[in-house]
Amino acid sequence: MKPIRYYVVPREDVEHVTQGTPLPGDFLANWEADRPGVLNKSTQDIFAANSRSERQVWKDFSLFRRVRDPKRADVVVCQNWLELFHANRLDQAVRLLLRHVVLTYPDKISIFSWNHDADSRSLTLFGDLPDNSIILDYNTSKPWPQSLVLPFWNVATGQMDRVGDRPWFAGFNGYVGSVALRQQLRFAIYRQHGYHCSDKRLGEADYLKQLSGFKYALCPRGGGLSSYRFYEAIQCGAVPVLFADDAVLPFPDLDYSKFSIRLPEAATYEFWKIDDVLREADWESLHREVLAVQQQFSLLGVQKAIHARVTEMMA
């Protein structure tokens, strides 16, 4: 496949355009500390190797080639900044940045990332983007015409042990807090035979190992519309069971019923409804299909999806 040439909107341009709308306190420094290298000039998250991609088994950076001169680029990439601004209620900064990119590079395909808990549909500014734009959309109830809905891919796939026993029929391990949906689910499955439920915080390696011990991974939505656990479960070879009424899932041509189960959020109140569905399902078949789609839900799958969309727009 012909590589896509991309130009990254420089950090100094972002800071200049959004002058007067500074991020509060040490937010940006703290954000970068958890994601070293992601905002470096030499990388731009999914388009070049960085601290996140090191965690991946499947990737192929030959699909994209960075250029220093925007005139030579097929696309102009502005990633991560929008979520940083919106998370701090700096929508004026979002407006200024979107406007800057669209007006500065009108003849290029503009790529913006939306990987934030807020529904992208609530960001009405996206409705003003021209047709030669792409929103890398990880959280939406109704995609914009420019949206390319993608999976959460940042899972340490290199740590996955895809072979071994699965001692638990089904389970949930994760933060519960005041999230009502998760409180309901924990209450429903607590001490049920074959079910595991815990909100004990684990290190990533231990968490993924435990997730790999479930035949069915229960994935109630969290702060966003969907659940990162849904995608983590796929990489762990567990069949994901999603409780998320409004989330639009990526890859619309996929038949999710072949490798996952989706139940209404209201089912978290009723253990027997959950258990009946899972007991009647063909886990062996679902599990085989989960293994078959793992690569599509990895960084490589995301890269291929973006490459295909851009190539289609350039045709």
Side-chain angles (χ1 to χ4, degrees), residues 4-32 35 38-48 64 66-150 224-225 248 302 305-307 309-314:
I4 301 297
R5 296 170 299 179
Y6 71 97
Y7 174 78
V8 175
V9 177
R11 179 172 182 157
E12 51 268 29
D13 282 12
V14 175
E15 293 175 340
H16 175 73
V17 168
T18 59
Q19 266 186 327
T21 57
L23 290 169
D26 296 325
F27 178 84
L28 185 56
N30 293 335
W31 192 91
E32 289 185 290
R35 305 161 180 83
V38 171
L39 292 180
N40 285 356
K41 286 185 178 181
S42 60
T43 70
Q44 192 55 203
D45 208 9
I46 59 180
F47 296 95
F64 303 94
R66 182 167 177 154
V67 297
R68 297 178 180 275
D69 184 354
K71 294 179 181 179
R72 297 181 58 237
D74 302 309
V75 301
V76 173
V77 178
C78 182
Q79 199 165 341
N80 298 311
W81 296 105
L82 299 185
E83 63 180 292
L84 288 173
F85 294 143
H86 190 271
N88 285 273
R89 301 179 181 180
L90 298 174
D91 283 357
Q92 178 62 11
V94 174
R95 184 186 302 277
L96 290 170
L97 186 53
L98 289 174
R99 183 174 182 273
H100 167 75
V101 174
V102 169
L103 294 182
T104 305
Y105 311 102
D107 59 335
K108 304 296 180 183
I109 296 172
S110 301
I111 296 181
F112 303 94
S113 180
W114 187 252
N115 185 14
H116 185 50
D117 283 347
D119 185 352
S120 72
R121 199 66 193 184
S122 68
L123 198 71
T124 56
L125 294 170
F126 281 155
D128 298 328
L129 289 176
D131 292 339
N132 62 333
S133 304
I134 301 174
I135 305 166
L136 307 183
D137 203 342
Y138 296 82
N139 190 42
T140 187
S141 61
K142 184 180 180 182
W144 293 98
Q146 301 90 340
S147 290
L148 175 58
V149 182
L150 295 170
L225 295 173
V248 173
V302 169
I306 298 171
H307 189 280
R309 171 66 72 88
V310 173
T311 300
E312 179 183 359
M313 293 174 68
M314 291 171 56

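Source: prediction; values computed, not measured.
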So CG of L82 and OG of S120: to nearest 0.5 Å the spacing works out to 11.5 Å
Less than 4.5 Å apart, any side-chain heavy atom of I46 and any of L136? yes
Under the side chain to side chain contact (heavy atoms under 4.5 Å, CB included) rule, collect the residues that match up with H307, sequence neighbours excluded. M1, I4, L63, F64, T311
Pair I134-I109, side chain to side chain contact (heavy atoms under 4.5 Å, CB included): steps then yes or no: CA-CA 7 Å; I134 301 174; I109 296 172; 4.0 Å; yes
Start with the C-alpha distance between V9 and T104, add both sets of side-chain angles, then the distance that settles side chain to side chain contact (heavy atoms under 4.5 Å, CB included), and finish with yes or no. CA-CA 10 Å; V9 177; T104 305; over 6 Å; no
CD of Q92 to CG of L90: how many Å apart, nearest 0.5 Å? 9.5 Å
Could you check F112 against L129 for side chain to side chain contact (heavy atoms under 4.5 Å, CB included), going step by step and ending with a plain yes or no? CA-CA 10 Å; F112 303 94; L129 289 176; 4.0 Å; yes
Nearest heavy atoms of K71 and K108, plus distance in Å: O-NZ, 3.1 Å
Of all heavy-atom pairs linking N139 and A118, the shortest is ND2-O, 3.0 Å
Taking the side chain as every heavy atom from C-beta outward, state whether H86 and W114 have any atom pair closer than 4.5 Å. yes
From R309 CZ over to S147 OG, what is the distance, rounded to the nearest 0.5 angstrom? 8.0 Å
With sequence neighbours excluded, what pairs up with R5 under the salt bridge (charged side-chain N to carboxylate O under 4.0 Å, His left out) test? D74
Check: Y7 and R72 side chains under 4.5 Å, non-hydrogen atoms: no
Heavy-atom pair of closest approach, residues P143 and V149: CG-CG2, 3.9 Å
Any chance you could measure D131, atom CG, to M313, atom CE, to the nearest 0.5 Å? 8.0 Å
Can you name the nearest heavy-atom pair linking L225 to S141, along with the distance? CD1-N, 3.3 Å
How far apart are the closest heavy atoms of L150 and A305, and which atoms are they? CD2-CB, 4.0 Å
When rounded to the nearest 0.5 angstrom, what is the spacing between OG in S133 and CH2 in W144? 12.5 Å
How close do K142 and R121 get, counting heavy atoms only, and between which atoms? O-CD, 3.0 Å
Please determine which of V14, L96, D91 meets the side-chain contact (heavy atoms from CB on, under 4.5 Å) test together with F85. V14
Using modelled atom types only, decide if a donor and an acceptor are shared between the side chain of N132 and the backbone of P106 within a distance under 3.5 Å. yes
Taken in chain and number order and not counting sequence neighbours, the residues that satisfy salt bridge (charged side-chain N to carboxylate O under 4.0 Å, His left out) with D119 are none
Does the side chain of Q79 reach to within under 4.5 Å of the side chain of F47, using non-hydrogen atoms? yes
Counting neighbours of CG on D69 that are heavy atoms of other residues, nucleotides or ligands and sit closer than 6.0 Å, is the number greater than 12? yes
Nearest 0.5 Å please: distance from the CZ atom of R11 over to the CG atom of N80. 11.0 Å
